[in-house]
Number of protein chains: 2
Amino acid sequence: MLSKTCEYGIRATIFIALQSILGKRTSLKYISKEIDSPEAFTAKILQKLVKEKIIESIKGANGGFEISQPKLKSTKLSEIVYAIDGYDIRNRCMLGLPHCSPDNPCSVHNKYKPVRDELITLFTDTTIEEMALGIKDKSAILK
Amino acid sequence: MLSKTCEYGIRATIFIALQSILGKRTSLKYISKEIDSPEAFTAKILQKLVKEKIIESIKGANGGFEISQPKLKSTKLSEIVYAIDGYDIRNRCMLGLPHCSPDNPCSVHNKYKPVRDELITLFTDTTIEEMALGIKDKSAILK
DNA sequence: CTAAAATCGGACAAAATAGTCTTAATTTTA
DNA sequence: TAAAATTAAGACTATTTTGTCCGATTTTAG
Ligand code: FES
Ligand code: FES
């Protein structure tokens, strides 16, 4: 479904968001500890998310990662997914045919399309803040 | 979502099913041509499907692959998926947490679970015959 | 100014997935 | 019976994904 890279990226973003909501900046070391991910690998993913302007990084001592208040509310889960895994998921054929389309459908297209559409809706409707608040009020976990 | 191995496996099974409906037995060479897949790799996948008793193979000249009439109707798409990709998809956490459960949900569990359930329903409700008939009546394609 | 704490960037390594090749075994047909 | 057509099986290779390591850069604190 999602690559491991993307899974780590989403969990890291949620944790950075949580800390930002609490008014704190957080470090790579702490992030990878709290989301239970390999530190060096997570560093690479965070670099990507910084380049894609989903999170912000501050170098040097007392540096770390954070997300601005406006972005917490405006950034959707879909942006993380597309930044890391690309747009392929939006119109990939479930049976691997080169072009998924209603004109040349595979044998499961008509059943799969609605499910995939719901997944895309989930991605585009869910905000980073929303996910982070789930962690804050302890109705969800990160590891 | 599904591995390439699984995609090839499903497409191959659909094609074998179609030929069986038409009363014909079909060969590896023809299958990989008709589903546009690498021949040697497809051979490996078919071996697996034979072992799992989803398709039958007949060795020697005029040999090939086929599916019995009863199995065409009784075998579900889910059986192919589980045989090749395993049961993981049924309860894998979208964010990669080690155990997906409603007791310890990740930040998207409540939204994702229903979508995943629909996917599983798609798998368990769809028969091989149904998929093959879509190819037969030209309402679906295989490559 | 210097040392420590942090991210950045690129090369490298390991593991998983995808795919190939060669030889053996089986069956039909000439 | 021998050749041809076919699947079976195992070793091998290639590619992609996942992950590590190290040195450079930036910033703060003493
Ligand atoms: S053509 Fe296969 S899912 Fe659309
Ligand atoms: S816990 Fe993440 S999808 Fe269920």
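Per chain, numbering begins at 1; letters A, B, ... match sequence-line order. What you see is a predicted model; the values in this text were computed from it and never measured.
Regarding A:Gln47, its CD atom lies at a distance of 9 Å from the P atom of C:dG10, rounded to whole Å. Counting to the nearest Å, the C1' atom of D:dT6 and the CD atom of B:Glu66 are 14 Å from each other. In this entry the distance linking NZ of B:Lys44 with C1' of C:dT23 reads 12 Å, nearest Å. A:Lys4 has its NZ atom 8 Å from the P atom of D:dT18, to the nearest Å.
Side chain of A:Ala40, nearest nucleotide from D:dT7, C:dA18, D:dC21: D:dC21. Side-chain proximity of A:Lys59 to the nucleotides C:dT7, D:dT18, D:dA8 is greatest for C:dT7.
Across all strands shown, A:Leu28 has heavy atoms under 4.0 Å from sugar-phosphate atoms exclusively, and none from any base. Within the 4.0 angstrom heavy-atom criterion, only backbone atoms of the sugar-phosphate kind lie near B:Ile58; the bases stay farther away.
With rounding to the nearest 0.5 Å, the separation of SG in B:Cys93 from CZ in A:Arg11 is 7.5 Å.
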Note to self: What verdict does the side-chain contact (heavy atoms from CB on, under 4.5 Å) test give for A:Ile21 and A:Ile67, after you've listed the backbone C-alpha separation in whole Å, the side-chain angles of each residue and the deciding distance to 0.1 Å?
What the structure shows: CA-CA 9 Å; A:Ile21 288 171; A:Ile67 306 179; over 6 Å; no

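Side-chain contact between A:Gln19 and A:Tyr30 is present, with at least one heavy-atom pair separated by less than 4.5 Å.
More than 12 heavy-atom neighbours from other residues, nucleotides or ligands sit within 6.0 angstrom of NZ on B:Lys76.
The phosphate of D:dT18 (OP1 or OP2) has a side-chain N or O of A:Thr5 nearer than 4.0 angstrom. The phosphate of C:dA6 has neither OP1 nor OP2 within less than 4.0 Å of any side-chain N or O from A:Ser27. Note on A:Tyr8: a side-chain N or O is less than 4.0 Å away from OP1 or OP2 of D:dG19. A sub-4.0 Å separation between OP1 or OP2 of C:dC8 and a side-chain N or O of A:Ser57 is present.
A cation-pi arrangement is not found for B:Arg92 relative to B:Tyr112, the charged atom failing to lie both closer than 6.0 Å to the ring centre and inside a 45° cone about the ring normal.
In the helix from C:dC1-D:dG30 to C:dA30-D:dT1, the end axes, each obtained as the rotation axis mapping the C1' atoms of four pairs onto the next four within a five-pair block, lie 10° apart to the nearest 10 degrees.
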Indicate every side-chain donor-acceptor pair of residues 118-138 of chain A with a distance under 3.5 Å to a residue at least two apart or in another chain.
from: A:Thr121; atom 1: OG1; to: A:Asp117; atom 2: O; distance (Å): 2.9
from: A:Thr124; atom 1: OG1; to: A:Ile120; atom 2: O; distance (Å): 3.0
from: A:Thr124; atom 1: OG1; to: A:Thr121; atom 2: O; distance (Å): 3.3
from: A:Thr126; atom 1: OG1; to: A:Leu122; atom 2: O; distance (Å): 2.7
from: A:Thr126; atom 1: OG1; to: B:Lys111; atom 2: NZ; distance (Å): 2.9
from: A:Thr127; atom 1: OG1; to: A:Glu130; atom 2: N; distance (Å): 3.0
from: A:Glu129; atom 1: OE1; to: A:Lys73; atom 2: NZ; distance (Å): 3.4
from: A:Glu129; atom 1: OE2; to: A:Lys73; atom 2: NZ; distance (Å): 2.8
from: A:Glu130; atom 1: OE1; to: A:Thr127; atom 2: N; distance (Å): 3.3
from: A:Glu130; atom 1: OE2; to: B:Lys111; atom 2: NZ; distance (Å): 2.8
from: A:Asp137; atom 1: OD1; to: A:Ser139; atom 2: N; distance (Å): 2.9
from: A:Asp137; atom 1: OD1; to: A:Ser139; atom 2: OG; distance (Å): 2.7

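In this pair, A:Tyr82 and A:Tyr87 present their aromatic rings tilted. The plane angle is within the 30 to 60° band.
Heavy-atom distances to DNA chain D give each of A:Ala61 and B:Ala43 a nearest nucleotide, and the one nearer the 5′ end belongs to B:Ala43.
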